[in-house]
Enquirer: 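After the structure tokens below, expect a handful of questions from me.
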Amino acid sequence: FYLNLLDWSSTDVIAVGLENSVYIWSACNSKVTKLCEVSENESITSVSWSQRGNHIAVGTSTGEVQLYDAPKLKLLRTMKGHEGRVGSIAWYGYNICSGSRDRNILVRDVRAQDDYFCKFSGHKQEICGLKWSFDENMLASGGNDNKLFIWSLKNQSEITRFSQHNAAVKAIAW
């Protein structure tokens with residue numbers, strides 16, 4: 001329920017995480033390709049395409065975010081930092097945000113050597129949803145704690161939070 005295992009790219013390709021593999025399906029030619037596979041004792045917990053649709057971030061049950069060049073079916077890098085499964089990922093430009101069962105959100109620049117450059121903490125339970133504002137200045141995060149947070153990347157801090165929900169906040173849109 002808390003995982004984001006399906007995402008549609010801007011190039012009309014769907015990515016689906018199934019158990020320990022990610023498959024991609026092209027709407028142009030109906031071709032199915034296995035993108036990747038993690039070890040049998042791990043599982044895929046989230047997938048998210050970049051805006052251009054050539055790169056995909058894959059979250060795992062071990063807290064990693066793997067970055068793939070989808071057309072080449074090539075792993076580009078693995079980023080660590082979470083202590084629990086990565087259930088939600090959101091892109092903006094060259095940056096990836098990942099939300100985890102460890103209750104933290106990590107902001108990562110795929111061009112930088114460091115695994116992440118910013119950490120947002122405030123949720124009391126697993127992060128279920130992430131969405132950047134259209135101007136990419138604010139991040140909305142939803143959690144299993146029934147809260148919605150709005151974060152400022154510029155100030156690297158919480159702007160506000162909403163606590164009126166009666167269930168987990170997973171689906172978010174601006």
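Quick caveat: nothing in here was measured; it's all calculated off a predicted structure.
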Enquirer: If hydrophobic clusters are built from ILVMFWY residues whose side chains come within less than 4.5 Å, do Val47 and Val13 share one?
Expert: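 Hydrophobic grouping puts Val47 with Val13.
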
Enquirer: Are the ring centres of Trp151 and Phe149 closer than 6.0 Å?
Expert: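 Yes, ring centres under 6.0 Å apart.
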
Enquirer: Are the side chains of Tyr2 and Thr45 in contact, using a 4.5 Å heavy-atom criterion?
Expert: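 SC-SC contact between Thr45 and Tyr2 ruled out.
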
Enquirer: Under a 4.5 Å side-chain heavy-atom rule over Ile, Leu, Val, Met, Phe, Trp and Tyr, are Trp91 and Trp174 clustered together?
Expert: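 No; Trp174 is not reachable from Trp91 via cluster members.
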
Enquirer: If we only count heavy atoms from C-beta on, is the Val16 to Trp25 side-chain gap below 4.5 Å?
Expert: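 No, side chains not in contact.
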
Enquirer: How far does OG of Ser100 sit from NE2 of His123, to the nearest 0.5 angstrom?
Expert: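 Going from the OG atom of Ser100 to the NE2 atom of His123 covers 12.0 Å.
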
Enquirer: Begin from the C-alpha positions of Glu126 and Arg85 and carry the test side-chain contact (heavy atoms from CB on, under 4.5 Å) through to its verdict.
Expert: CA-CA 9 Å; Glu126 183 169 7; Arg85 70 184 182 195; 2.8 Å; yes

Enquirer: About how many Å separate CD of Glu19 and CD of Glu40, when rounded to the nearest 0.5 Å?
Expert: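 Going from the CD atom of Glu40 to the CD atom of Glu19 covers 10.0 Å.
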
Enquirer: Starting at CD of Gln164, measure out to NZ of Lys147 and round the result to the nearest 0.5 Å.
Expert: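 Output value for this atom pair is 9.5 Å.
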
Enquirer: Which pair of non-hydrogen atoms, one from Cys97 and one from Ile105, has the smallest distance, and what is that distance?
Expert: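 Result for this residue pair: CB-CG2, 4.3 Å.
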
Enquirer: Looking at Asp145 and Lys124, would you say the former's side chain and the latter's main chain have a donor-acceptor pair under 3.5 Å?
Expert: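 Looks like yes, one N/O pair under 3.5 Å.
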
Enquirer: Do any N or O atoms from the side chain of Ser88 and from the backbone of Gly99 form a donor-acceptor pair under 3.5 angstrom?
Expert: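 No.
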
Enquirer: Are the side chain of Ser9 and the backbone of Trp49 linked by a donor-acceptor contact shorter than 3.5 Å?
Expert: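 Between the backbone of Trp49 and the side chain of Ser9 there is no qualifying donor-acceptor contact (under 3.5 Å).
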
Enquirer: How close do Ala57 and Ile96 get, heavy atom to heavy atom, and via which atoms?
Expert: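 Shortest heavy-atom separation between Ala57 and Ile96 comes out as CB-CD1, 3.9 Å.
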
Enquirer: Main chain of Ser98, side chain of His82: is a donor-acceptor contact present, judged purely on distance under 3.5 Å?
Expert: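 Flag set: sc His82 to bb Ser98 pair under 3.5 Å.
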
Enquirer: With a 6.0 Å cut-off (strictly less than), is the heavy-atom count around NZ of Lys170, excluding the residue itself, greater than 12?
Expert: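 Yes, because the 6.0 Å sphere around NZ of Lys170 holds more than 12 heavy atoms from other groups.
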
Enquirer: Donor-acceptor pair, distance only, cut-off 3.5 Å: does the side chain of Asp114 make one with the backbone of Phe117?
Expert: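 Side chain of Asp114 to backbone of Phe117: no pair is present.
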
Enquirer: Of Leu76, Leu73, Val58, which is the lone residue that meets side chain to side chain contact (heavy atoms under 4.5 Å, CB included) with Tyr68?
Expert: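 The single option meeting the side chain to side chain contact (heavy atoms under 4.5 Å, CB included) with Tyr68 is Val58.
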
Enquirer: Kindly check if the number of other-residue, nucleotide or ligand heavy atoms within 6.0 Å of CD (Gln51) is above 12?
Expert: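 Count over threshold, so yes.
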
Enquirer: I need the minimum non-hydrogen distance between Arg77 and Asp109, along with the two atoms involved.
Expert: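 Taking Arg77 first and Asp109 second, the nearest heavy atoms are NH1-O, 3.6 Å.
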
Enquirer: Using a 3.5 Å distance criterion without hydrogens, assess whether the side chain of Asn4 forms a donor-acceptor pair with backbone atoms of Cys128.
Expert: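 The answer is yes, because a donor-acceptor pair under 3.5 Å joins these two groups.
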
Enquirer: Would you please test Val38 and Ile44 for side-chain contact (heavy atoms from CB on, under 4.5 Å) and show each step?
Expert: CA-CA 8 Å; Val38 293; Ile44 303 300; 4.0 Å; yes

Enquirer: Contact between Tyr116 and Lys80 at the side-chain level, heavy atoms closer than 4.5 Å - yes or no?
Expert: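 Sidechains of Lys80 and Tyr116: no contact.
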
Enquirer: Taking all atoms of both residues into account, what is the closest heavy-atom pair of Gly53 and Ser10, and its distance?
Expert: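 Heavy atoms only, the tightest pair is N-OG, 3.5 Å.
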
Enquirer: Main chain of Ile89, side chain of Ser46: is a donor-acceptor contact present, judged purely on distance under 3.5 Å?
Expert: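 Between the backbone of Ile89 and the side chain of Ser46 there is no qualifying donor-acceptor contact (under 3.5 Å).
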
Enquirer: Considering only heavy atoms from C-beta outward, does the side chain of Trp132 approach that of Asn95 to under 4.5 Å?
Expert: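 No, side chains not in contact.
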
Enquirer: Less than 4.5 Å apart, any side-chain heavy atom of Glu64 and any of Val86?
Expert: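 Answer no - side chains too far apart.
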
Enquirer: Hydrophobic clusters here meaning ILVMFWY residues chained together by side-chain heavy-atom distances under 4.5 Å, can you tell me if Ile24 and Leu18 are in one?
Expert: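 Not linked; separate clusters.
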
Enquirer: Among side-chain atoms of Thr62 and Glu42, is any donor-acceptor pair under 3.5 angstrom?
Expert: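 Short answer, yes.
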
Enquirer: First locate atom CD of Glu37, then atom OG of Ser21, and finally report the distance between them rounded to the nearest 0.5 Å.
Expert: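 Nearest 0.5 Å value for the CD-OG distance: 4.0 Å.
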
Enquirer: Roughly how far, to the nearest 0.5 Å, is the CD1 atom of Ile56 from the CG atom of Asp7?
Expert: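 Rounded to the nearest 0.5 Å, the CG-CD1 separation comes out at 6.5 Å.
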
Enquirer: Ignoring hydrogens, what is the shortest heavy-atom contact between Leu153 and Val107? Give both atom names and the distance.
Expert: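 So the two residues come closest at CD1-CG1, 4.2 Å.
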
Enquirer: Sequence neighbours left out, what passes side chain to side chain donor-acceptor pair (under 3.5 Å) with Asn137? Give chain and number order.
Expert: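 In terms of side chain to side chain donor-acceptor pair (under 3.5 Å), with neighbours along the sequence ignored, Asn137 is linked to Asp135.
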
Enquirer: If you compare all heavy atoms of Leu67 against all heavy atoms of His55, which two are closest, and at what distance to 0.1 Å?
Expert: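 Looking at all heavy atoms of both residues, the closest pair is CD1-CB, 4.0 Å.
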
Enquirer: Checking side-chain polar atoms at under 3.5 Å, does Gln125 have a donor or acceptor matched by the opposite partner on Asn144?
Expert: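 Gln125 vs Asn144: donor-acceptor pair found between side chains.
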
Enquirer: With hydrophobic residues grouped by side-chain heavy-atom distances under 4.5 Å, do Phe134 and Leu148 end up in a single group?
Expert: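 Looking at the clustering, Leu148 is in the same group as Phe134.
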
Enquirer: Establish whether Val65 and Leu106 are linked, either directly or via other cluster members, by ILVMFWY side-chain heavy-atom contacts under 4.5 Å.
Expert: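 No, because Val65 and Leu106 fall into different hydrophobic clusters, even though each may have its own neighbours under 4.5 Å.
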
Enquirer: To the nearest 0.5 Å, what is the distance between NZ on Lys154 and OG on Ser152?
Expert: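 That separation rounds to 7.5 Å.
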
